[in-house]
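Read the structure below first, then the notes.
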Amino acid sequence: MIEIIRENHLIHLRNACISYVMVETPEGILAHLYFGAPLRQLCPHGLARHAGVERLSDFTVQECSLSRLPQELPSFGLGDHRPGALTAVAADGTTAVDLRMVSAEVLDGKPRLEGLPATFGEDSKTLRILLRDAHTGLEAELLYTLFEDVPAIVRSVKLCNAGDKPLQVTRLHSLCLDLPDDQWELITLSGAWARERSISRRALVPGFQGVGSRNGASSHQASPFLALVRPHTTEAQGEAIGASLIYSGNFTATVFDSQFNTPRMLIGLNDEDFSWLLEPGESLQVPEAALVYSQTGLDGMSQGFHVLWEGHLLPRRWVHQARPVLFNSWEAAYFDFDEEKLLAIAQSAAEAGADLFVLDDGWFGHRDDDYTSLGDWYTDRRKLPGGLGRLADRVRAMGLQFGIWMEPEMISEDSDLYRAHPDWAMQIPGREPIRSRHQLILDVSRADVQDYMVASVSQTLQDSGAAYLKWDMNRNYTNIGSIALPASRQRELPHRYMLGLYSVLERVTKAFPDVLIEGCAGGGGRFDAGLLYYSPQYWCSDNTDVLSRCRIQYATTLVFPPSTMGSHVSAVPNHQTARVTPLEARFAAALGGSFGYELDPRKLTEAEREDIRRQIAYAHATETTRLTGRFHRLLSPYEGNDTAWMSVSHDQREAIVTFIREHSLPNTLPPMLALRGLDPQLNYRVEETEEVSGGDELMQAGLCIPVKQGDAEAVVYTLHAVEA
Ligand code: GLA
């Protein structure tokens with residue numbers, strides 16, 4: 001429900017889980033007064049103290065500093081000395097923007113965001129607010145959407161130059177939230193290639209803190225997410241406020257703790273290499289941000305994000321659709337394969353009961369290594385003399401679906417594409433290009449490049465009849481320049497690139513709605529809510545080592561549900577860490593996401609192949625609960641030697657519990673693992689031990705987990721409700 005209470009200028013967005021309250025001050029400035037658990041009624045004077053004033057009617061810019069007012073879209077230059085959400089340079093060179101309320105209205109449902117991925121859903125109401133700066137004519141349209149039973153609001157901002165002179169926007173964040181006290185800790189996710197999304201939690205300090213990316217992708221190094229949690233907040237208890245940006249490019253997610261101990265959360269486009277020219281009549285839409293509130297700890301925050309993405313962001317076609325158990329050729333063969341070898345791998349995969357065989361890198365141009373051929377998306381006949389089509393048909397004849405790898409945003413200098421269109425690469429004329437993985441990036445901001453990408457992806461999907469596409473992106477920006485853009489718009493390139501990419505993905509997913517796209521960027525280098533709008537699963541990391549995956553997957557679930565994480569069993573010694581771990585543990589970790597294999601099954605022993613048959617049967621049997629049930633983290637690898645998580649079916653009748661111990665511990669008692677999310681009134685039978693216990697007992701006393709001696713030992717238990 002969204003109420004615009006005209007008598008006291010309040011706006012109240014409320015559903016069963018949250019309230020978000022805003023006010024229009026006497027001078028027409030839009031401020032927020034509350035975000036948290038749902039409120040039955042509002043007392044404007046009580047809420048006014050959040051803004052640091054006795055009565056809201058007293059708030060005037062002359063009397064009270066803007067530095068105290070929790071504004072919805074604060075800008076720089078008029079007296080708020082905290083970091084703002086908007087900076088625009090007017091034709092006279094000054095930067096002050098003074099936005100005042102023009103109108104507020106409630107819409108049924110949710111309008112689409114022009115050119116950007118965003119949440120959707122019919123069971124929603126949207127508040128549309130228009131603000132205007134009388135001096136420049138700049139207008140801001142703010143959209144706030146509330147879904148039933150989701151503890152979140154989503155917000156976006158669109159600027160329009162309704163004046164008669166050009167404006168240069170140099171900062172525009174999607175979300176700004178000022179909190180009335182600073183008794184919070186900050187959680188962010190940071191990392192590196194093969195070490196994506198590591199949890200960092202620390203006390204707030206005065207001033208500026210946060211994460212961001214300038215890589216041209218949301219990046220391995222940081223995730224477009226941040227959370228503020230109370231110091232005592234745990235998985236199960238305490239307040240948590242999480243923000244996530246639905247965007248895949250450069251961003252910042254920051255907190256500024258002010259002189260009044262009122263921290264300001266900001267999330268949006270990174271303004272370091274950003275500016276956008278708005279000629280009169282032009283507009284700029286920036287990405288949507290989601291803001292989740294939980295009173296039930298990090299678990300509640302994650303449930304909020306998971307429900308939001310599953311119900312309102314991931315492609316509907318795939319949310320409740322079984323994900324194929326796949327075998328990917330990359331670590332099995334790298335660039336070294338021919339048709340015969342691929343078919344032999346696929347045959348073993350089929351015999352093991354897999355659903356899909358994916359041909360990874362190396363099938364096109366003359367790509368025997370990573371120096372060449374990106375952009376030349378036609379089959380290398382030396383390796384596949386019958387073409388992609390024949391290989392795919394032969395794979396399908398084995399009862400498997402066929403999937404293919406592409407890296408459509410890239411170009412190798414040694415390619416026919418580059419020889420024909422050297423201007424299609426991102427570049428700064430006169431500067432030597434800086435290569436990474438020996439390749440350049442296509443200037444995806446260009447319409448002709450976008451058309452080429454759509455055509456080559458479409459052709460490949462048609463030729464192969466692929467049911468699955470792994471869409472990779474293996475390097476970050478260098479030489480950020482576009483031959484197609486004038487000097488005045490060069491700093492628009494990073495965002496224009498993303499708009500171009502989204503438009504290509506929109507066209508491809510419309511034309512091939514039944515193709516499952518798995519996103520990838522050198523592993524999880526662009527694992528964000530923006531990409532998940534098109535590709536419901538994402539290759540979580542190139543690192544498939546069990547112990548590394550415990551940390552990466554555990555942290556990823558803070559924001560994203562298990563179904564979104566591509567996770568595979570790979571060979572040992574592990575190709576990234578050289579660690580040797582038991583097959584059972586690799587299986588246990590991979591079961592935590594959309595499941596598959598990244599190895600050559602022909603190199604396994606007969607006993608291991610038998611294990612894999614059993615594993616795949618189990619993955620199939622438990623798919624619905626594992627991937628669409630409610631997910632709970634139980635033991636954190638960031639806090640101890642053990643990792644545990646579980647998924648519970650929505651009817652609470654089935655649960656899958658995973659426990660992984662890092663280092664072997666001699667002479668200890670088996671851990672009692674306190675479960676979550678079960679029905680305390682039901683009894684559950686553990687399939688593997690045949691023991692029956694009450695749901696209440698399993699959650700209070702715990703489930704006994706006898707762990708074998710040895711490093712990286714794992715236990716997976718399957719619980720079924722039984723009649724008492
Ligand atoms: C990236 C991906 C890998 C694989 C290679 C192929 O590194 O993350 O999974 O597809 O590219 O070059």
Testing the 3.5 Å rule here: is there a donor-acceptor pair between the side chains of [X] and [Y]?
{"X": "Asp711", "Y": "Ser664", "answer": "no"}
{"X": "Ser548", "Y": "Gln576", "answer": "no"}
{"X": "Gln537", "Y": "Glu518", "answer": "yes"}
{"X": "Glu72", "Y": "Tyr144", "answer": "yes"}
{"X": "His12", "Y": "Ser19", "answer": "yes"}
{"X": "Arg549", "Y": "Ser541", "answer": "no"}
{"X": "His720", "Y": "Glu687", "answer": "yes"}
{"X": "Tyr618", "Y": "Thr718", "answer": "yes"}
{"X": "Ser563", "Y": "Ser594", "answer": "no"}
{"X": "Asn574", "Y": "Thr544", "answer": "yes"}

Considering all heavy atoms, the nearest [X]-[Y] contact:
{"X": "Gly592", "Y": "Ser567", "value": "C-OG, 4.3 Å"}
{"X": "Ala243", "Y": "Phe305", "value": "N-CZ, 3.9 Å"}
{"X": "Pro287", "Y": "Tyr247", "value": "CG-CD1, 3.3 Å"}
{"X": "Leu673", "Y": "Val657", "value": "CD2-CG1, 3.7 Å"}
{"X": "Ser244", "Y": "Ala529", "value": "OG-CB, 4.3 Å"}
{"X": "Gly109", "Y": "Thr126", "value": "O-OG1, 2.6 Å"}

Report yes if some heavy atom in the side chain of [X] is under 4.5 Å from a heavy atom in the side chain of [Y]; otherwise report no.
{"X": "Thr254", "Y": "Leu226", "result": "no"}
{"X": "His312", "Y": "Asp123", "result": "yes"}
{"X": "Leu179", "Y": "Thr262", "result": "no"}
{"X": "Pro680", "Y": "Met699", "result": "yes"}
{"X": "Phe147", "Y": "Val307", "result": "no"}
{"X": "Leu30", "Y": "Leu73", "result": "no"}
{"X": "Ile552", "Y": "Thr556", "result": "yes"}
{"X": "Val255", "Y": "Leu204", "result": "yes"}

Apply salt bridge (Lys or Arg N to Asp or Glu O under 4.0 Å) to Arg230 and Asp181, showing your working.
-> CA-CA 11 Å; Arg230 296 294 185 186; Asp181 74 80; 2.8 Å; yes
Could you state the interatomic distance from [atom1] ([X]) to [atom2] ([Y]), rounded to the nearest 0.5 Å?
{"X": "Met301", "Y": "Leu228", "atom1": "CE", "atom2": "CG", "result": "10.5 Å"}
{"X": "Thr628", "Y": "His306", "atom1": "OG1", "atom2": "NE2", "result": "13.0 Å"}
{"X": "Leu675", "Y": "Ser693", "atom1": "CG", "atom2": "OG", "result": "9.0 Å"}
{"X": "Leu269", "Y": "Asn250", "atom1": "CG", "atom2": "CG", "result": "8.5 Å"}
{"X": "Leu13", "Y": "Ile18", "atom1": "CG", "atom2": "CD1", "result": "7.5 Å"}
{"X": "Leu678", "Y": "Gln652", "atom1": "CG", "atom2": "CD", "result": "7.5 Å"}

Is the shortest side-chain N to carboxylate O distance from [X] to [Y] below 4.0 Å?
{"X": "Asp651", "Y": "Arg653", "result": "no"}
{"X": "Lys708", "Y": "Glu584", "result": "no"}
{"X": "Lys110", "Y": "Glu288", "result": "yes"}
{"X": "Arg661", "Y": "Glu713", "result": "no"}
{"X": "Asp299", "Y": "Arg676", "result": "yes"}
{"X": "Arg316", "Y": "Glu122", "result": "yes"}

- Query: Are more than 12 heavy atoms from other residues, nucleotides or ligands located less than 6.0 Å from atom NE2 of His650?
  - Reply: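 Enclosed.
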Tell me whether Glu691 at atom CD has more than 12 heavy atoms from other residues, nucleotides or ligands lying less than 6.0 Å away.
no
* Output field: ring centroids Phe527/Phe560 closer than 6.0 Å ->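 Yes, the ring centres sit under 6.0 Å apart.
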Q) Can we call the ring centroids of Phe595 and Phe587 under 6.0 Å apart? A) yes
Between Tyr538 and the options Asp528, Thr564, Leu531, the side chain to side chain contact (heavy atoms under 4.5 Å, CB included) test singles out Leu531
Would you please classify the geometry between the Phe208 ring and the Phe256 ring as parallel, tilted or perpendicular, with 30° and 60° separating the classes?
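Rings of Phe256 and Phe208: tilted, as their planes differ by 30° to 60°.
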Hey, what's the ring geometry for Tyr293 with Phe35, parallel, tilted or perpendicular (30° and 60° as the breaks)?
->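 Answer is perpendicular, since the angle exceeds 60°.
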Between Tyr20 and Arg14, is there a cation-pi geometry (under 6.0 Å to ring centre, at most 45° from the normal)?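 Arg14 over Tyr20 ring: no.
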With sequence neighbours left out, the residues meeting salt bridge (charged side-chain N to carboxylate O under 4.0 Å, His left out) with Arg317 are Asp514
Side chain to side chain donor-acceptor pair (under 3.5 Å) between Thr658 and Tyr717: does it pass, once the steps are laid out?
-> CA-CA 7 Å; Thr658 301; Tyr717 278 159; over 6 Å; no
Which of Arg197, Arg201, Arg202 passes side-chain hydrogen bond (donor to acceptor under 3.5 Å, both in side chains) with Thr188? It is Arg202
Open item on the list: Using side chain to side chain donor-acceptor pair (under 3.5 Å), reason through Ser200 and Ser190 one step at a time and then give a plain yes or no.
Closed with: CA-CA 7 Å; Ser200 152; Ser190 303; 5.7 Å; no
- Query: How far apart are the C-alpha atoms of Arg68 and Asp178, what are their side-chain angles, what is the distance that settles it, and do they pass the salt bridge (Lys or Arg N to Asp or Glu O under 4.0 Å) test?
  - Reply: CA-CA 10 Å; Arg68 273 161 47 185; Asp178 291 355; over 6 Å; no
